[in-house]
Engineer: 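Sharing a structure with you now.
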Amino acid sequence: MARPICFWLQYFAFLMFIGPIVSYALPRPPRPPQSPQDPSYLKFVSNATEFPSEDYYDYIIVGGGTAGCPLAATLSHSYKVLVLERGGVPHGETNLMSQEGFLATLMEADTYNSPAQSFTSEDGVENARGRVLGGSSAINAGFYSRADDDFYKKSGVNWDLRVVNQSYEWVERAIVFRPELKNWQSAVRDGLLEAGVDPYIGFSLDHSVGTKIGGSTFDSTGKRYSAADLLNYARPFNIKVAVYANVERILLATSSPYMGSRLSAIGVVYRDHTGRYHHAIVREHGEVILSAGAIGSPQLLLLSGIGPRPYLSSWGIPVAHHLPFVGQFLFDNPRSGVSIVAPIPLEHSLIQVVGITESGAYIEAASNVIPFISPARSIFIWTPSSPLYLTVATLMEKIIGPLSSGSLRLASTDVRVNPIVRFNYFSNPVDLQRCVNGTRKIGDILRSRSMEDFKVRNWFGGHDFRFVGPALPVDQADNHLMEDFCRRTVSTIWHYHGGCVVGKVVDGDFRVFGIDALRIVDGSTFGVSPGTNPQATLLMLGRYVGLKIIRERTRYR
Ligand SMILES: Cc1cc2nc3c(=O)[nH]c(=O)nc-3n(C[C@H](O)[C@H](O)[C@H](O)COP(=O)(O)OP(=O)(O)OC[C@H]3O[C@@H](n4cnc5c(N)ncnc54)[C@H](O)[C@@H]3O)c2cc1C
Ligand SMILES: *[C@@H]1O[C@H](CO)[C@@H](O)[C@H](O)[C@H]1NC(C)=O
Ligand SMILES: *[C@@H]1O[C@H](CO)[C@@H](O)[C@H](O)[C@H]1NC(C)=O
Ligand SMILES: *[C@@H]1O[C@H](CO)[C@@H](O)[C@H](O)[C@H]1NC(C)=O
């Protein structure tokens, strides 16, 4: 590949990156608790191979991810809980546990074993999903910001906002920190204000229009906290977590004829690392809860015969329950933006500052992190023998919504194979207009005084940005050029959601329509991406539904 930009910048960037790239780690078996720093949850986590071939629980939670872990920890205070997670434990994995490891974790992503599972949508955009205890919160960029008010009003859920707030606070006490801004993030904050994204809100976890510093799940030393750490809240004797446990199917049975012979979830079938089958069965009044994420939950419903009848029949899957919208209304917020090579040293920063505009887009920034550069592939200059990195600063925008939706189809009846997904970015013209608006805002920021330090001297003695990858169209008033920029440079900010949306597949209590004792609690239930970034809402959701279930059962006992 051609050597871009000047050698010295590469050399400098190389020095900045030598740390994070040398330590490569593959999943290892969970270690027994050793040092006092080991999280207490390790006491109840074991390899699925060590589980009996049949066992009984009140709640079986499929997926130990962002929503699944807080849900399990909460339910364990009153009931016997099993968590089944297909990946391993993040603790002890150098790359997973640090902010600097974000890049390496995504670079190591493969389709079968790594903690970040890579996939490419039919739209041609590379993407990733978590496959480790903590789920995608254990591989993400750590930005933490609560949902917008519209989300509560329009999500089809009758939220109890007092419990919502208590649930956020429960999460935040354990795993959310205030980030310290360095040069690039500070400049972006100032640039946003100069570009009219005001007022300045300062540090806040709440969503409101203006420019703010959000929370982070990385602490001041760069150590990552994730949903897995919320398992420390669990009641240890009431919970078991099986890792390397691949759930293949939900077990369904027709309940007593007195109930009008309704279908009910009675357990799940999972396989351990050696291929051995295990059955986990729910006790009376118990439930199976899917928290396998926007890709995993619709996939499991389909594999269990819950979905559109003609589609299931085309795969030869016996139809247990016809539910037409399983796998439909799958969304991904398009991301676009620009990256520049800066002439001054930059910190390594993931997202810390966000501009919440009133024109349909959120503006975020990162520095020295290759996967944020868009489009990622075209400038990806790395070989194991000669790692070359640039000191790069990125400004990006994510549109709200989106309105464009796609769908998910099975690629195989083997649950380990990623389904085929399509997001249909910008198929709705409003999404394209929002992207144009956000991209124009990026143009305004680039023209602000705060960005002067990041320009380099050009041949004619002036100062200009040195773009890596696409530059913004010079004429930003030209709608066609701007739309073309959005379409050409589209990438993902990894906030995909939907597939089992509230009102389509689950009701306002997250129960699957037409099936008893089966709920879905994760991002697959969202019809829009909450707030600027979804993890806060998903962590809250797990705690919230756990509290709700406990209250319901206490009331009706
Ligand atoms: C690279 C990246 C960066 C991101 N950055 C941010 C950010 O900075 N801020 C933010 O707010 N959001 C961010 N996000 C988005 C956010 O992390 C996700 O939206 C969120 O974590 C999804 O939560 P979930 O509970 O729906 O699913 P997940 O957290 O993905 O949990 C699903 C779990 O289910 C398991 N599972 C799936 N299928 C099975 C099965 N058959 N058997 C057993 N287990 C199964 C998976 O292994 C996984 O652990 C990012 C995401 C990624 C990937
Ligand atoms: C799980 O345990 C089995 C049996 O002890 C072992 O063979 C396997 O390597 C372990 N797998 C992982 C990924 O920890
Ligand atoms: C929840 O918290 C938000 C933001 O901090 C606050 O504005 C709101 O009034 C709170 N709602 C309730 C019901 O406590
Ligand atoms: C784009 O921005 C303009 C000007 O702020 C606004 O009027 C318009 O509604 C925005 N478009 C969308 C789709 O939000």
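Order of appearance sets the numbers: ligands from 1, and atoms from 1 within every ligand.
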Engineer: Look at atom 42 (N) of ligand 1 and find which of Val247, Val415, Leu290 reaches it with the closest heavy atom.
Structural biologist: Val247
Engineer: Report yes if Tyr144 has an N/O atom closer than 3.5 Å to an N/O atom of ligand 1; otherwise report no.
Structural biologist: no
Engineer: Is there a polar contact between ligand 1 and Asn246, counting only N or O atoms under 3.5 Å apart?
Structural biologist: no
Engineer: Do we see a donor-acceptor contact under 3.5 Å between the side chains of Arg543 and Thr74?
Structural biologist: yes
Engineer: Between Asp332 and Tyr425, does any side-chain donor sit less than 3.5 Å from a side-chain acceptor?
Structural biologist: yes
Engineer: Would you say Asp522 and ligand 1 have an N/O pair spaced under 3.5 Å apart?
Structural biologist: no
Engineer: Please write down residue, atom name and distance for the protein heavy atom closest to atom 2 (O) of ligand 4.
Structural biologist: Asn437 ND2, 2.3 Å
Engineer: Can you tell me which residue and heavy atom of the protein come closest to atom 13 (C) of ligand 4, and the distance to 0.1 Å?
Structural biologist: Arg434 CG, 3.6 Å
Engineer: Going by the atom numbers of ligand 1, which of them fall below 4.0 Å from some non-hydrogen atom of Ser137?
Structural biologist: 21 (O)
Engineer: Note the single closest protein heavy atom to atom 14 (O) of ligand 4, along with its residue, its atom name and the distance in Å.
Structural biologist: Ser359 O, 3.5 Å
Engineer: For atom 6 (C) of ligand 3, what's the nearest protein heavy atom and its distance?
Structural biologist: Asn165 ND2, 4.2 Å
Engineer: Is there a donor in the side chain of Arg224 and an acceptor in the side chain of Asn95, or the other way round, less than 3.5 Å apart?
Structural biologist: no
Engineer: Please say whether Leu106 places an N or O atom under 3.5 Å from an N or O atom belonging to ligand 1.
Structural biologist: no
Engineer: Quick check: does Tyr496 get an N/O under 3.5 Å from an N/O on ligand 1?
Structural biologist: no
Engineer: Measure from atom 34 (O) of ligand 1 to every heavy atom in Gly63, Gly135, Pro534 and give the option owning the shortest one.
Structural biologist: Gly63
Engineer: Out of Phe143, Phe102, Phe526, whose heavy atom is nearest to atom 9 (N) of ligand 1?
Structural biologist: Phe143
Engineer: Would you tell me whether Ser349 and Ser367 have side-chain atoms, one donor and one acceptor, within less than 3.5 Å of each other?
Structural biologist: yes
Engineer: Before signing off on this row, confirm whether Gln433 and ligand 4 have an N or O atom pair separated by under 3.5 Å.
Structural biologist: no
Engineer: Between Phe177 and Tyr225, how do the two ring planes meet: parallel, tilted or perpendicular, split at 30° and 60°?
Structural biologist: tilted
Engineer: Which atoms of ligand 1 sit under 4.0 Å from any heavy atom of Leu84?
Structural biologist: 43 (C), 44 (N)
Engineer: Is the closest N or O pair between Gly523 and ligand 1 shorter than 3.5 Å?
Structural biologist: yes
Engineer: Out of Phe151, Phe331, Phe510, Phe329, which residue meets the ring pair (Phe, Tyr, Trp, His ring centres under 6.0 Å) rule with Phe526?
Structural biologist: Phe151
Engineer: Only heavy atoms of Ala245, strictly under 4.0 Å: list the atoms of ligand 1 that pass.
Structural biologist: 42 (N), 43 (C)
Engineer: Test your reading of the structure: does Val132 have an N or O sitting under 3.5 Å from an N or O of ligand 1?
Structural biologist: yes
Engineer: When only distance counts, is Ala294 in polar contact with ligand 1, meaning an N/O pair under 3.5 Å?
Structural biologist: no
Engineer: Taking atom types as modelled, is there a side-chain donor on Asn113 or Arg416 under 3.5 Å from an acceptor on the other?
Structural biologist: no
Engineer: In terms of atom number and element, which parts of ligand 1 are under 4.0 angstrom from non-hydrogen atoms of Gly293?
Structural biologist: 26 (O), 27 (O), 32 (C)
Engineer: Out of Gly68, Gly130, Ser291, who is nearest to atom 33 (C) of ligand 1 when you count heavy atoms only?
Structural biologist: Ser291
Engineer: What atoms of ligand 1 come closer than 4.0 angstrom to any heavy atom of Ala128?
Structural biologist: 53 (C)
Engineer: With a cut-off of 4.0 Å, which atoms of ligand 3 are near a heavy atom of Asp206?
Structural biologist: 4 (C), 5 (O)
Engineer: Distance only, no hydrogens: is a donor on one side chain within 3.5 Å (strictly under) of an acceptor on the other, for Arg440 and Gln476?
Structural biologist: no
Engineer: Does either side chain, that of Ser524 or that of Asp522, offer a donor lying less than 3.5 Å from an acceptor on the other one?
Structural biologist: yes
Engineer: State the atoms of ligand 1, each with its element, that fall below the 4.0 Å cut-off from a heavy-atom position in Arg131.
Structural biologist: 47 (O)
Engineer: May I ask you to list the atoms of ligand 1 that are less than 4.0 angstrom from any heavy atom of Ala67?
Structural biologist: 25 (O)
Engineer: Less than 3.5 Å between some nitrogen or oxygen of Ser524 and one of ligand 1, yes or no?
Structural biologist: no
